[in-house]
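Written below as structure tokens is the structure these notes are about.
Just so it is clear: chains get the letters A, B, ... in the order the sequence lines come, proteins before strands, and each one is counted from 1.
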Amino acid sequence: MRLSRRRLNGLTEHGFSILITLFGLLILTFVIGRIMPTDPVRAMVGEDASREVYEHVYQQLGLDKPMWQQFLLYLRDVVTLDFGTSIRTGQPVLQDIARALPATIELATFAIIIGAGLGTPMGVIAAVNKDKWQDQVIRVLSLMGHSMPIFWTGMIALLIFYANLGWVGGSGRMSQFYIGLVPERTNFLLIDSILAGQWDVFWSALNHLILPAALLGYSSSAYITRMTRSFMLDQINQEYVTTARVKGLSRRQTIWRHAFGNIRVQLVTIVALAYGSLLEGAVLIETVFAFPGFGQYLTSNLLIGDMNAVMTCVLIVGVIFIGLNILSDILYRVFDPRTR
Amino acid sequence: MTQETSAALPRRTMPQGLIAARNIVVFLTRSPTSLFGLVVLGLLLILALFAPLIATHDPYMQDLQNTLHPPSSDYLFGTDELGRDIFSRLVHGSRITLTIIFLVTIVVGPLGLIFGTVAGYFGGKVDTVLMRITDIFLSFPSLILSLAFVAALGPSLNNAIIAIALTAWPPIARLARAETMTFRQADYISAARLQGASPARIIWRSIVPMCLPSVLIRLTLNMATVILTAAGLGFLGLGAQPPLPEWGAMIATGRRYMIDSWWLVTFPGLAILSVSLAFNLLGDGLRDALDPKQMNRR
Amino acid sequence: MDPILDIRNLSIRYQGSAEPAVRNVSFTLGRERLGIVGESGSGKSTVGRAIMRLLDTAELTADKMTFEEVDLLNASERQMLKVRGQRMSMILQDPKFSLNPIQRCGHQIAEAYRTHVRCTKAEARQRAVEMLEQVHIRDPERVYDMYPHEVSGGMGQRVMIAMMLLTSPDLVIADEPTSALDVTIRLQVLRILDGLVRDKGIGLVMISHDLNLVRAFCDRVLIMYAGRLVETLDAKHLDRAQHPYTQGLLAAQPRIGGPRGPLSVLDRQDSWLNAQGEVA
Amino acid sequence: MKPITINDLCITFGAVQVLHNISLDVKAGECFGLVGESGSGKSTILRCISRLNDSWTGDVRIGDSAVRDMEVSDRCRMMQMVFQDPYGSLHPRHSIRTTLEEGLRINKLDDREGRMIRAMRDVGLPVEFLDRYPHQLSGGQRQRVAIARALILEPDVLLLDEPTSALDVSVQAEVLNLLVRLQKEKGFTYLMVSHDLAVVDHMCDRFAIMQHGRVVEVLPREAITQGGATQTYAQDLIGASLEYEHAI
Amino acid sequence: ETPADQLIVGFNMNNVLTMDPAAITGSDAVQILNNVYDTIVRLDPDTKKLTPSLAERWEIAPDNRSVTFYLDQDATFASGNPVTAEDVRFSLSRPIELTLAQSTWLVSRGYSPENIGEMFEVVDDKTFRLHLPQPDDPRLIMMVLTINGPGSILDSKLVAEHDDGDNGTAWLTNNSAGSGAFTIGQWRANEFVILNQNAEYWGGAPAMSRVLMRHLPESQTQRLALEQGDLDIGYSLAAADLTALETNEDITVETVPSAGFYYLAVSMEDERFANPKVREALRYLIDYDGINTAIMPYFGVERQRPINSGAFGALPDLEYTLDVDKAKALLAEAGYPDGFDTTIHVISTQEFLDSATAIQGTLAQAGINAEIITGGGGQIYGAMRERNFELLVGRGGGGQLPHPDSNLRALIYNPDNSQEAGLTNYQGWRTSFMDEGLNEMIEAALVEPDAEKQAKLYQDIQEEMEAAVPSIQPFSERVVTAAYQDDVDGIIVDPWVARFEDVVKNR
Ligand SMILES: Nc1ncnc2c1ncn2[C@@H]1O[C@H](COP(=O)(O)OP(=O)(O)OP(=O)(O)O)[C@@H](O)[C@H]1O
Ligand SMILES: Nc1ncnc2c1ncn2[C@@H]1O[C@H](COP(=O)(O)OP(=O)(O)OP(=O)(O)O)[C@@H](O)[C@H]1O
Ligand SMILES: [Mg+2]
Ligand SMILES: [Mg+2]
Ligand code: NI
């Protein structure tokens with residue numbers, strides 16, 4: 001939010017600064033990729049490979065070239081949207097991500113619907129009832145959500161709701177035996193299964209989604225609640241809210257029509273950022289739930305030193321975040337008359 | 001003198017800082033939630049300081065005859081897969097947690113403060129350059145950036161701390177900068193300039209004290225995130241390495257035995273939860289106590 | 001003539017403060033212009049807001065507090081919704097902050113009308129534009145569609161006035177309606193307000209810290225000091241004020257063409273705090 | 001005692017030119033007023049003279065030396081400023097002692113304690129107040145501290161930016177009296193911004209009326225009552241002020 | 001409940017990076033490809049004897065320098081093409097020509113891009129003759145050819161169709177060109193592999209129409225899925241979960257011997273460990289019983305000799321025990337009466353880590369303070385390859401071939417100890433252990449044509465090694481364990497020989 005206000009100095013400067021940020025991002029990802037101590041070549045050729053095999057692959061990957069050349073090559077590749085091949089999957093990284101990301105987006109979207117749907121009204125209620133019991137309860141609830149180690153809660157929830165109660169599906173995106181039955185069109189399983197008319201897969205997918213999404217949603221609702229509350233408090237003390245009351249509007253009307261209207265843009269920004277940081281929660285929760293999404297793709301590649309994949313993942317996260325920031329800037333421009 | 005202040009003012013004997021600190025603590029103890037935070041953190045401090053006295057066993061001492069022993073009077077929280085006493089490991093783990101917090105704080109606080117105030121005070125090109133750098137760091141969720149850093153540096157506790165510190169300062173810098181921007185135009189800053197103060201002096205004497213409360217609040221709240229990130233890294237096997245009794249790592253290993261031996265993950269998880277919750281509650285309470293708006297009120 | 005407003009021994013204490021911000025204030029208001037003056041923090045706005053029943057958390061006690069037939073002391077929020085904005089309204093000080101920044105000025109005016117009168121949007125718009133004309137806005141249709149940040153301070157204040165007078169209330173409380181404005185604009189706004197009060201015959205409470213303004217603009221003046229009413233006077237007779245506080249305020253003002261000697265300075269007495277404002 | 005000479009002062013913020021070729025002469029020992037509508041650039045002139053804004057062009061001299069060429073310490077010793085808002089011009093976390101001492105330290109003046117005590121006496125505050133914090137003082141007292149902070153460096157020129165407009169009438173009188181007294185005792189040159197012609201009339205010998213970043217007219221004090229203004233805006237402004245005060 | 005005609009398998013496919021048999025690494029990929037590619041000969045899962053597969057019979061030349069394989073007349077690829085000797089030649093040459101990972105096997109037996117033209121001989125359409133480039137044990141080479149990877153037989157015509165100038169490598173990464181019971185339907189790295197029934201399988205179509213091999217690295221996930229009936233077989237379960245499943249009536253837990261050892265290795269680059277007394281002391285600082293009873297069940301059984309107990313010529317196990325006093329005495333003799341500080345490298349997988357921690361504990365009793373350094377396989381074995389470690393707890397030592405040579409070469413043999421040699425595939429080299437005498441004995445034993453004499457030679461080697469105190473001390477011999485639903489039959493547990501073609505569900 002602060003970001004945006006600062007960036008209202010004109011579109012060109014704006015675009016320029018984004019370019020610079022992107023460039024910095026590229027340097028950062030390149031550096032991260034190159035100093036990783038794990039040996040990608042060894043991961044490819046295996047433990048017992050002979051030296052000839054090793055060096056053959058080493059050269060294939062271009063690792064024998066000087067750093068700056070490698071960086072220029074990297075830049076060229078990025079510009080041409082060629083992110084190389086993943087060592088671990090042997091597929092173009094972009095193709096891998098095109099498969100992994102939809103799973104995470106599905107998860108994150110569900111989570112954000114839960115999170116925003118819960119967090120926004122709770123934040124408003126807390127603000128309106130500042131310092132009353134409602135506020136205290138919501139405060140503790142949301143701070144709990146903010147404080148819980150999500151991987152731990154995930155494990156415990158899995159144990160309770162899947163292993164003991166059997167209410168929800170276990171790990172993965174769907175029950176194991178449905179895997180590979182749905183033709184992949186969008187890679188969004190829910191959509192694909194509907195397109196294919198396979199309702200049992202759809203339900204299975206939904207069943208597997210609900211628990212991790214609820215957990216992620218709770219933790220992001222914590223953030224959204226806190227922010228909504230403080231935005232709302234700022235607004236409630238503004239004179240124009242008094243004006244609205246003087247006009248004879250009821251409290252409800254003043255809050256929703258006037259105060260809430262003024263936090264809408266900030267709220268969208270916050271939700272956008274929360275959506276972005278669900279990627280973070282996804283890293284852990286996907287590990288716990290063996291959910292084949294972006295987070296798991298990233299961590300498993302990290303561990304074996306799959307340079308291309310890691311660099312691209314990090315780059316994509318960065319780009320997503322920058323994109324979300326731009327989006328919230330644009331929203332500011334569009335929705336706030338003062339910045340037009 | 002013809003004028004009088006409306007309220008009688010108490011004579012001051014203690015330095016302002018001490019009084020303020022006392023007032024803040026008193027304020028915090030008045031709210032049950034902040035009190036909880038204070039107590040938990042006090043407990044953490046005591047545990048860490050007197051770990052060898054409190055722990056009932058050697059946290060590294062294995063007893064392969066006594067693995068996965070459920071909680072009992074011998075082993076308060078049971079034993080792990082190598083027969084180590086979980087209670088003692090938790091107690092010693094508090095030292096790791098505190099180390100992380102301490103190191104991260106002393107890196108992140110000053111770094112963020114300097115970056116932010118300098119950028120905010122000078123504005124212009126300096127600001128642009130510094131903020132571009134923070135932007136780059138900020139364009140990642142902290143866990144993913146720490147993951148990338150740890151992957152690049154190699155997994156270990158120290159590297160995890162470095163990675164967390166590297167990812168934790170930009171928000172502080174942002175905050176300090178935003179605060180500085182609001183004070184920069186203040187008349188008292190102009191007055192200091194008119195008295196011939198150098199920029200460094202102004203930043204140090206006039207701006208830093210103003211930014212400090214909100215930075216402190218933010219740092220406290222950040223600590224919760226730091227703890228969770230550290231635990232997350234430990235959980236993914238990228239943080240503290242065995243046999244260090246880091247709580248996240250304990251969960252990661254305990255997870256393999258979770259179904260039958262609930263105590264392996266439950267207690268470290270609760271420990272993380274309560275410390276991180278304590279920081280959040282305390283930060284929240286501090287925000288009320290140090291509310292910058294209240295402080296600047298006339 | 002029945003008083004529009006009748007207040008006896010009003011005391012107000014804000015939540016969390018030991019001292020009441022206003023104590024034992026009594027006055028009545030007919031169809032006249034009543035000024036409330038006093039230095040900063042003397043409780044002027046608090047009285048105004050208490051009348052509108054906007055102080056949800058403050059503790060409010062009075063022997064009597066009625067607006068026409070409405071018992072303001074015991075009226076429920078629901079009853080107040082009918083009164084507030086329709087029969088009494090309030091003009092706030094600074095248009096920069098008192099208008100919702102993301103809604104068009106006209107929309108905010110029309111909303112005031114639509115809250116109390118059943119009508120179509122077009123009707124409300126029509127009424128709002130008329131009202132804008134009445135407050136001497138030259139191009140009301142255009143101003144209707146402007147956002148608050150696009151209008152100047154003086155214009156914003158007129159929008160505010162239009163909004164508050166649209167429902168023809170019986171009582172208008174103006175809380176420092178001009179102190180955010182330049183001298184030249186200040187005069188224009190006051191003239192508009194004056195004209196409307198004269199035409200519609202409403203009761204007006206004018207809160208200000210500016211003795212000159214109150215003297216010239218009001219019929220009667222209440223002088224407040226530290227939450228207490230120290231004196232009530234006809235505006236015309238301000239120069240004949242009895243209370244040393246009032247006298248002090250008058251003398252402390254530099255005047256154009258006045259003598260250049262040192263200005264006299266207020267010498268506050270503890271005994272002022274015991275004084276009771278007499279009921280007018 | 002030094003005169004201020006301003007020649008062709010221009011300043012541009014972004015694309016907007018805020019000051020257009022301002023030229024003013026303030027005589028040594030004079031109290032010179034600046035009036036005009038809000039946003040006309042009054043404060044900006046003061047900030048340019050004191051080099052709080054530095055991007056201006058033109059020539060500003062105090063006495064014989066141009067402010068641009070002065071050493072920082074010389075400039076500080078020659079000119080100080082009092083700001084409009086007494087609540088914002090004192091550092092909220094510095095005690096009065098710290099506030100006053102800061103300038104002495106920076107400029108390496110000796111006998112700090114003595115100087116501070118004298119400054120407090122000059123502005124009519126008890127010496128015990130040195131250990132108080134701004135939030136323990138009333139608005140008028142704060143403004144006195146702000147004046148003391150300016151005095152303590154013994155400048156020749158005081159720039160006053162609406163020093164009383166945030167204060168109540170009763171307090172305003174005290175501060176105005178103090179300023180008058182100090183000028184008599186120490187012979188300062190005052191350049192004072194105000195939006196209140198009554199204050200200008202009370203304090204100043206001459207004043208300039210400003211509009212849209214230009215000086216419309218420079219008038220002697222008597223012009224207010226006797227109608228010496230020739231420019232329309234000046235006439236409007238004076239007219240409005242008179243009308244406001246006498247009859248609405 | 002899983003469908004009756006589908007087999008759902010849980011295992012860990014972290015190391016599965018490609019479906020190209022020439023480029024795979026590790027046993028997990030072999031486990032997949034066993035179902036897709038046939039080899040010319042197979043190992044019997046139980047007896048580990050050579051049995052026919054694509055070759056219905058073979059003849060070893062009297063001079064032990066060539067083997068002639070006669071291919072099954074009916075054998076066809078999934079594409080319908082017949083399996084020919086030309087396919088065999090193509091398949092065996094491909095890894096070597098392209099310098100892919102799996103070339104190592106045959107290259108280490110003397111094959112090279114230059115000589116394969118002569119060595120791989122297509123006699124006629126269905127007869128293939130394999131010449132040995134150097135004196136060798138032909139049985140050993142045949143054992144190599146049983147392994148999917150070096151021995152996978154590809155459909156050369158089909159590969160040629162998909163050759164985009166890369167010899168079909170890109171296509172083979174995701175697709176199969178084999179003659180096995182299944183074909184690869186879909187492969188998602190670290191997610192799953194789907195194998196589709198090859199209805200035309202020349203050995204008779206398998207019962208399962210589809211096999212889903214799911215990447216489930218978490219043991220508890222596999223266990224839960226097994227218990228909930230979402231999974232038919234779990235291949236990578238941890239000890240605790242296996243113990244629990246053991247009590248589950250619907251689940252069978254089966255443990256079988258496998259290849260390789262869990263060992264403690266020292267780097268003889270380090271002068272302390274170059275001292276045989278120190279190495280001998282370490283022998284007595286491992287709690288063999290404790291580790292094998294508390295940590296290793298389902299993963300290993302006690303074994304201190306570096307030859308798999310199932311290989312011919314293996315001697316009964318040694319009987320070292322934890323003996324701190326003796327170790328202390330040896331350390332004192334070596335000049336370290338108070339012990340020393342060192343490090344242990346170890347992979348952060350549970351049984352490794354636990355063993356290392358246990359060893360760390362017993363070392364400490366003799367005053368050796370070892371700091372544990374953990375990492376992924378790449379990092380830890382990487383350090384070993386660079387000879388940049390002190391102590392290391394690892395697993396390895398050949399044994400995929402039931403031939404003592406396979407163990408000895410992996411663990412002991414080291415023809416050139418120089419840094420430049422870079423013989424990183426020999427653990428002897430990695431640990432800087434070189435014993436000329438042992439090298440010669442190993443080479444001599446391999447080429448001994450008389451089976452009985454050969455066994456005797458291998459026994460001599462084992463006794464010699466006890467005295468030489470090599471750099472690697474095994475403490476456990478690897479076994480593998482799987483758990484599966486009771487109503488599933490025909491499961492083979494050892495991943496090196498596992499195949500799903502005979503699996504049936506009794507529902
Ligand atoms: N919400 C509040 N909570 C607590 N105290 C308050 C609150 N609002 C005002 N006060 C206190 O009540 C007293 C009267 O305030 P009020 O705003 O009515 O003064 P005023 O006469 O309108 O002053 P001004 O001329 O500055 O507007 C002051 O001492 C003020 O500090
Ligand atoms: N740092 C700055 N950057 C951009 N514009 C500025 C800056 N400082 C002042 N301005 C603009 O310059 C103009 C003159 O401002 P200035 O503060 O001098 O007015 P003023 O006459 O003092 O008004 P007031 O009576 O309200 O104090 C205004 O339009 C203001 O917005
Ligand atoms: Mg007020
Ligand atoms: Mg100004
Ligand atoms: Ni005024």
Side-chain angles (χ1 to χ4, degrees), chain A residues 1 4-5 8 124-136 228 231-269 328-340, chain C residues 15-16 45 48-49 51-57 77-105 107-117 145-150 156 159-160 163-164 166-167 169 172-173 175 180:
Chain A
M1 153 197 67
S4 357
R5 230 173 275 149
L8 296 172
V124 174
I125 291 172
V128 172
N129 299 297
K130 184 175 185 300
D131 292 336
K132 301 214 190 92
W133 64 268
Q134 294 97 325
D135 187 26
Q136 298 293 345
T228 309
F231 291 157
M232 227 26 211
L233 281 180
D234 277 353
Q235 297 301 325
I236 283 178
N237 292 326
Q238 299 276 323
E239 278 292 284
Y240 75 85
V241 174
T242 313
T243 308
R245 285 198 70 196
V246 167
K247 277 197 250 178
L249 297 186
S250 69
R251 277 201 80 100
R252 273 270 285 292
Q253 287 168 322
T254 28
I255 284 161
W256 291 106
R257 270 200 226 159
H258 286 267
F260 192 72
N262 273 283
I263 70 163
R264 236 175 10 210
V265 186
Q266 286 166 302
L267 209 59
V268 171
T269 310
S328 57
D329 277 8
I330 292 174
L331 284 174
Y332 254 97
R333 284 163 198 268
V334 172
F335 285 115
D336 193 330
R338 282 164 296 188
T339 59
R340 266 183 232 152
Chain C
Q15 208 179 34
S45 302
R49 282 163 194 252
I51 296 169
M52 296 294 290
R53 286 280 306 275
L54 292 174
L55 303 169
D56 297 312
T57 54
E77 178 67 18
R78 187 175 266 250
Q79 285 170 296
M80 284 308 297
L81 287 183
K82 292 220 183 71
V83 179
R84 211 186 280 140
Q86 180 166 27
R87 293 171 54 192
M88 62 184 191
S89 61
M90 183 160 167
I91 298 165
L92 299 169
Q93 176 175 5
D94 196 338
K96 253 210 302 270
F97 298 111
S98 308
L99 292 173
N100 189 338
I102 62 159
Q103 290 183 359
R104 297 177 192 278
C105 293
H107 176 91
Q108 297 186 48
I109 301 175
E111 188 187 27
Y113 191 66
R114 279 163 58 85
T115 308
H116 299 286
V117 184
D145 284 327
M146 292 215 286
Y147 284 100
H149 70 279
E150 295 169 332
V159 169
M160 188 80 197
M163 180 165 35
M164 290 311 171
L166 187 57
T167 51
V172 173
I173 300 169
D175 190 357

Distance from [X] atom [atom1] to [Y] atom [atom2], nearest 0.5 Å?
| X | Y | atom1 | atom2 | value |
| --- | --- | --- | --- | --- |
| A:Asp135 | A:Leu233 | CG | CG | 7.5 Å |
| A:Gln238 | C:Leu99 | CD | CG | 12.0 Å |
| A:Thr254 | A:Lys247 | OG1 | NZ | 10.5 Å |

Quick check for you: among [options], which has the greatest number of heavy-atom pairs under 4.5 Å with chain A?
| options | result |
| --- | --- |
| C:Glu111, C:His116, C:Glu77 | C:Glu111 |
| C:Lys82, C:Glu150, C:Gln108 | C:Gln108 |
| C:Gly85, C:Ser98, C:Pro148 | C:Ser98 |

**Report entry** Full working for side chain to side chain contact (heavy atoms under 4.5 Å, CB included) between C:Asp175 and C:Gln93
**Finding:** CA-CA 6 Å; C:Asp175 190 357; C:Gln93 176 175 5; 5.5 Å; no

Report task. Find out whether C:Arg49 and A:Thr242 are in side-chain contact, i.e. whether some heavy atom of one side chain is under 4.5 Å from a heavy atom of the other. Result -> yes

Side chain, backbone, both or neither of [X] within contact of chain A (heavy atoms, under 4.5 Å):
| X | answer |
| --- | --- |
| C:Leu81 | both |
| C:Met80 | neither |
| C:Asp56 | side chain |
| C:Met90 | both |
| C:Arg53 | backbone |

Report task. Please report the C-alpha distance between A:Tyr240 and A:Gln235 in whole Å, then the side-chain angles of each, then the deciding distance to 0.1 Å, and finally whether the side chain to side chain contact (heavy atoms under 4.5 Å, CB included) criterion is met. Result -> CA-CA 9 Å; A:Tyr240 75 85; A:Gln235 297 301 325; 2.5 Å; yes

Requested in this report: Take C:Leu54 and C:Arg84, measure what side chain to side chain contact (heavy atoms under 4.5 Å, CB included) needs, and give me the verdict at the end.
Outcome: CA-CA 10 Å; C:Leu54 292 174; C:Arg84 211 186 280 140; 4.0 Å; yes

Query raised in the report: Among A:Arg257, A:Arg264, A:Arg251, A:Arg245, which residue forms the greatest number of heavy-atom pairs with chain C at distances under 4.5 Å?
Result: A:Arg245

